[in-house]
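Okay, so here's the structure we're looking at.
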Amino acid sequence: MLDKTLTPGSFETRLYEGWERSGAFACHPESGAPPFTIMIPPPNVTGSLHMGHALTFTIQDTLVRWRRMQGRDALWQPGTDHAGIATQMVVERLLASEGRQDRRGMGRAAFLDRVWQWKAESGGTITKQLRRLGASLDWPRERFTMDEGLSKAVLEVFVTLHRQGLIYRDRRLVNWDPKLLTAISDLEVESREVKGHLWHLRYPVEGAPGEFITVATTRPETMLGDTAVAVHPTDARYAALVGRRVILPLVGRAIPVVADEYSDPEKGTGAVKITPAHDFNDFEVGRRHGVAMPTVLDPEARVILAEIEAELRAVAGVADPDFVRSLAGQDRFAARKAIVARLEELGLLEKIEPHTHQVPHGDRGGVPIEPRLTWQWYCDAATLAKPCIEAVEDGRMRFVPKQWENTFFAWMRDIQPWCISRQLWWGHQIPAWYAPDGTIFVEKTEAEARAAARAKFGHDVTLTRDEDVLDTWFSSALWPFSTLGWPERTAEVARYYPGDVLVTGFDIIFFWVARMMMMGQHFMGDVPFRDIYIHGLVRDERGQKMSKSKGNVMDPLELIDAYGADALRFTICALTGPGRDVKLGRKRVEDHRGFITKIWNAARFLEMNGVAPDAGFDPATAKTPLARWILDAANRAVAEATAALEAYRFDEYAAACYRFVWNGFCDWFIEFAKPVLNGPDGAEKAEVKGAAQHVLGTILRLLHPAIPFVTEELWDRFGYGPECSLIRAPWPEAVPVAGAEAAREELDWVVRLVSEVRAVRSEVNVPPSVTTPLLVRDAAPESLARAGRWIEAIRRLGRVTEITPLDGQVPKGVAQAVLGEATVMLPLEGVIDVPAERARLAKARGTAEGEAKKIAAKLGNADFVARAPEEVVEENRERLAAARAEIARLDAALARIAD
RNA sequence: GGGCGCUUAGCUCAGCGGUAGAGCGCUUCGUUUACACCGAAGAUGCCGGGGGUUCGAAUCCCUCAGCGCCCA
């Protein structure tokens, strides 16, 4: 017997282990079944399961389980990425907390050993947590981006792209994180609004004592590296100054005033200082005008004078080399303070305005990034992006929802060179070796590099390997094929590439989607996946983004403990509409748990009544209207659910299942079945039980992708199959049902009758204890026959004693309802609240009247009748007739209780 | 500044040319052999404003407003 209450915790772990142990999650490269592949976007190895993961992995698991049931050979590839910066930070913090030597103290090799040790102990927490969610990943195939095989793929790709000229070394301005001391990508930079100031500085014009040009800046400390002042070419205020020079205060260097459209006459003073080595826009201006680009901040963003020292010059009242020298080694913010103070003393600070602006911050380190001119490795993203853009344009790849294509195109068409080197230790070390003369040898191994060097120089030279590692996304970009064994030509590569769908959030389109496309197109000659399903973000009930600082994060594991994994998963499916964020609160999960419980209780009722799996039951031979009706309804639910999943409409899938199970199967079928189940054994009872077990089996299969645990538990407990077999059961399909149309008409009529009786009773305040006969007037013979066939159910659900036709005198004190051609009456003299009944009928009449008027107006419009499709006109005529007939019957009913 | 999205019942959202819907909440009633994580009934809408297209607009177009996100 099933327990009275559902306790998901009592079977979730057992079932998951059962599935995993029996190999239910495994793909079968040798099988003849068509494959279905989803590559997990590998979570960060330092990560732990949060709500965003719960969302994305629920969706992926639902798709995978569904396709697997459809007979596809499903591969859901698990794994994690090595998260260069994040992991290195975690381990460095660990060392600090243990009071150990820091990274530099212990040296690269020892540090990397420590990271691997950390990974073995604590890495991949998330893979254990994913099991709690029920994720059916093919675990024995789990991969890590630093694995030997995947690292081999990285070498292959790097060396190949380098030979093709698509990877190169260059000295450009990069986003430099002065805290983590590494370059980071544009995508790892986030703008934060900062309340700062706009400092207006006076730069004296050379050879014109007392004449100044005032520049406005948010970063006065960078003025040490200014090499120009820019004004807009059409700005009359400064036209005379263009081509002249100004004296850079403090430094004493003369710098030109240039005309450049970058300067915005509306902003600040209309004149801007140009510091090419510390600002991306200034860099471009500097390049256009061929000015010098001295660096004045070191890797830790402290003032460094090496590149400007030679030009320091004392100018009375303007420049002071000693002061500038005193700044050396000072942090950029301390230097800012000192510089502003000194300029003020010199009378060169015109004013300070409060100014709120966007300041780029490193998303990991959290400090403002400092653009710096450095040598880095770059990947020619624009070239790699081209075929990807084409693939989306011609439909080889499809975004769902489609609107994300715009975002994708906008980014891909304006893509910048991808800086792929990072000044970290944890990651794939760049396979580049430098000869003493600076010649670079890019090879897969040191031996090959040495051989190449020998070939070039004719003798051995000392080679030094590049110390930097590659951006983590470089290896993640190879994931769709490196996990399958590439560059080896494995059976898996041939079979599971390209994947069917990539499921991810829009925030990751550029990190993931774009880069996997580039590498997939280039090395595999084909897209990495066909569909890209973009879901929303998880937010709290109020629509706020979840964040630790706001304190509104929810822990999916805690919700699973409280309500079960199925409840969380079903909630997610139900709330995941297209292109919408998911507002999730505890209450939402609690609400949806009701549905899981409902299924459990319905199954428990059927079990109590001896309903058990019967493989011999053939739906096609069902004869009773009840069996035919529910089998037919199940067919429609199957069609709806399947169509919804095919369209990635998880909300519609959940809703279709919910409606069918709750409002169809539970509310009506089981209620109608009760009299039969309580009645004598026989053909009718056997058939109702047969239909019940058949439809329950359908429901369990239909819902398994979303709520795998309860469905599997019930499937096993009922004996539909052996332990843990639902996951392998076939996806339901429509079954032939004879006389479905007639069955639907019959049962729908009974449902309407019962509903009318209930509504009447409730509205005229008939106590539940009172039962009444049902008098039927003007009923067609078929209606009376139906009433007779369903008398038991009507008695029970409508609190009716008997049903009799009424021809003659209407008793006093009846409550009435119109049902099609018939009027049903409940004789309730003494019980009925007559004014309430009159009001009720009048209201019903009013509704019908309003309806009739609306339709009559429509039909009175000659244009409508002439231009609307014939079937629409006809439909409206029928509706008008029905409304008028109903008004007539309601008038008659009102007349009967007129006195 | 550019782009995208949203605005429908108290709340969360479906619907996207032809009868305005669901879930939750609310009100009333209810322990009838599954389920109170339940059952029955009920109330609640100028479908953001304005204009246009159409026989017909929540739905298509334009415009305005508000909110949100992304990019400068």
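Note on naming: letters A, B, ... go to the chains in the order of the sequence lines (proteins, then strands), and numbering restarts at 1 for each one. Since we're looking at a predicted model, the values are computed, not measured.
- Nucleotide rA34(B) holds its P atom 6 Å from the CE atom of M608(A), rounded to whole Å.
- Here the separation of rG18(B) from rA57(B), taken at their P atoms, is 11 Å to the nearest Å.
- Across the C1' atoms, rG68(B) and rG30(B) are found 45 Å apart, a figure rounded to whole Å.
- Residue Y658(A) is the one, among Y658(A) and A602(A), whose nearest nucleotide of RNA chain B lies closer to the 5' end (criterion: closest heavy atom).
- rG23(B) sits 25 Å from rU59(B) when the P atoms are compared, rounded to a whole Å.
- Side-chain atoms of E875(A) lie closest to rU19(B) of the nucleotides rC69(B), rG39(B), rU19(B).
- Between E671(A) and K674(A) there is a salt bridge, since at least one side-chain N of the basic residue sits less than 4.0 Å from a carboxylate O of the acidic one.
- In this structure, NZ of K858(A) is placed 6 Å from P of rU19(B), rounded to the nearest angstrom.
- Comparing rA14(B) with rG45(B), their C1' atoms are spaced 15 Å from each other, to the whole Å.
- Between the side chain of D282(A) and the backbone N or O of P276(A) there is no donor-acceptor pair closer than 3.5 Å.
- Taking atom C1' in both rU7(B) and rG50(B), one finds a spacing of 16 Å when rounded to whole Å.
- Separating the CG atom of L584(A) from the P atom of rC13(B) is a distance of 12 Å, rounded to the nearest angstrom.
- A side-chain donor-acceptor contact under 3.5 Å links T801(A) to the backbone of T772(A).
- Between Y653(A) atom OH and rA22(B) atom P the separation is 23 Å, expressed in whole Å.
- Checking the phosphate oxygens (OP1, OP2) of rC13(B), a side-chain nitrogen or oxygen of K583(A) falls inside 4.0 Å.
- Per the geometry, CG belonging to D3(A) stands 16 Å off C1' belonging to rC37(B), to the nearest Å.
- With respect to the salt-bridge test (charged N to carboxylate O, under 4.0 angstrom), the residues R604(A) and E607(A) do not qualify.
- Nucleotides rC11(B) and rU54(B), compared at atom P, are 37 Å apart to the nearest Å.
- Ring geometry, F506(A) versus W404(A): the interplanar angle falls under 30°, so the pair is classed parallel (tilted spans 30 to 60°).
- Between rC4(B), rA34(B), rC37(B), one nucleotide has an atom nearer to the side chain of T597(A) than all others, and that is rC37(B).
- Across all strands, R604(A) comes closer than 4.0 Å only to sugar-phosphate atoms, never to a base (heavy-atom distances).
- With distances taken from any side-chain atom of Q403(A) to the nucleotides rG5(B), rA40(B), rG18(B), the minimum falls on rG5(B).
- For F709(A) and F11(A), the ring centers are positioned 6.0 Å apart or more.
- Pairing for rC67(B) is with rG5(B), a Watson-Crick or G-U wobble pair whose two hydrogen-bonding atom distances lie under 3.5 Å.
- Here the separation of rG5(B) from rU19(B), taken at their C1' atoms, is 31 Å to the nearest Å.
- Taking every side-chain heavy atom of E671(A) into account, rA34(B) is the closest of rA34(B), rG30(B), rA41(B).
- Remark on RNA chain B: of its neighbouring residues R588(A) and E763(A), the 5'-side contact belongs to R588(A), judged by nearest-heavy-atom nucleotide.
- Look at R593(A) and you won't find any side-chain N or O under 4.0 angstrom from OP1 or OP2 of rC35(B).
- Within the structure, every side-chain polar atom (N or O) of K674(A) is placed at least 4.0 Å from both OP1 and OP2 of rC35(B).
- Base-pair partner of rA36(B): not found among the strands shown (Watson-Crick or G-U wobble, both distances under 3.5 Å).
- Going from atom CG of D186(A) over to atom C1' of rA72(B) covers 13 Å, rounded to whole Å.
- In terms of phosphate contacts, R580(A) brings a side-chain nitrogen or oxygen within less than 4.0 Å of OP1 or OP2 of rU7(B).
- Nucleotides rC13(B) and rU8(B) have their C1' atoms positioned 9 Å apart, rounded to a whole Å.
- A donor-acceptor contact shorter than 3.5 Å is absent between the side chain of E763(A) and the backbone of A836(A).
- One atom, CZ of F660(A), and another, C1' of rA22(B), lie 18 Å apart when rounded to the nearest Å.
- Across all strands shown, rG56(B) forms no Watson-Crick or G-U wobble pair with both key distances under 3.5 Å.
- For the pair R795(A) CZ and rA40(B) C1', the interatomic distance rounds to 21 Å; values are reported in whole Å.
- Within the structure, every side-chain polar atom (N or O) of K4(A) is placed at least 4.0 Å from both OP1 and OP2 of rC38(B).
- The side chain of F864(A) approaches rG18(B) more closely than any other nucleotide in the set rG18(B), rA14(B), rA41(B).
- Considering only side-chain atoms of K587(A), the nucleotide from rC35(B), rG25(B), rC69(B) that sits closest is rG25(B).
- The listed nucleotides are rG39(B), rA34(B), rG18(B); the one nearest the side chain of D667(A) is rG39(B).
- Note on A868(A): a base of the nucleic acid sits closer than 4.0 angstrom, heavy atoms only.
- Taking the centre of each ring, F650(A) and Y533(A) come in below the 6.0 Å mark.
- Looking at the side chain of C666(A), the nearest of the listed nucleotides rG15(B), rA34(B), rC29(B) is rA34(B).
- Listed pair K843(A) / rG42(B) fails the phosphate criterion, with no side-chain N or O lying under 4.0 Å from OP1 or OP2.
- Regarding contacts with the backbone of rC38(B), every side-chain N or O of W600(A) stays at 4.0 angstrom or more from both OP1 and OP2.
- Side-chain atoms of R593(A) do not come within 3.5 Å of backbone N or O of G564(A) as any donor-acceptor pair.
- Picking from rG15(B), rC24(B), rA34(B) the nucleotide with the shortest atom distance to the side chain of D591(A) gives rC24(B).
- Here the nucleotide nearest the side chain of P869(A), chosen from rC69(B), rA41(B), rG18(B), is rG18(B).
- Across the strands present, rC11(B) finds its partner in rG23(B); the criterion is a Watson-Crick or G-U wobble pair with both atom distances under 3.5 angstrom.
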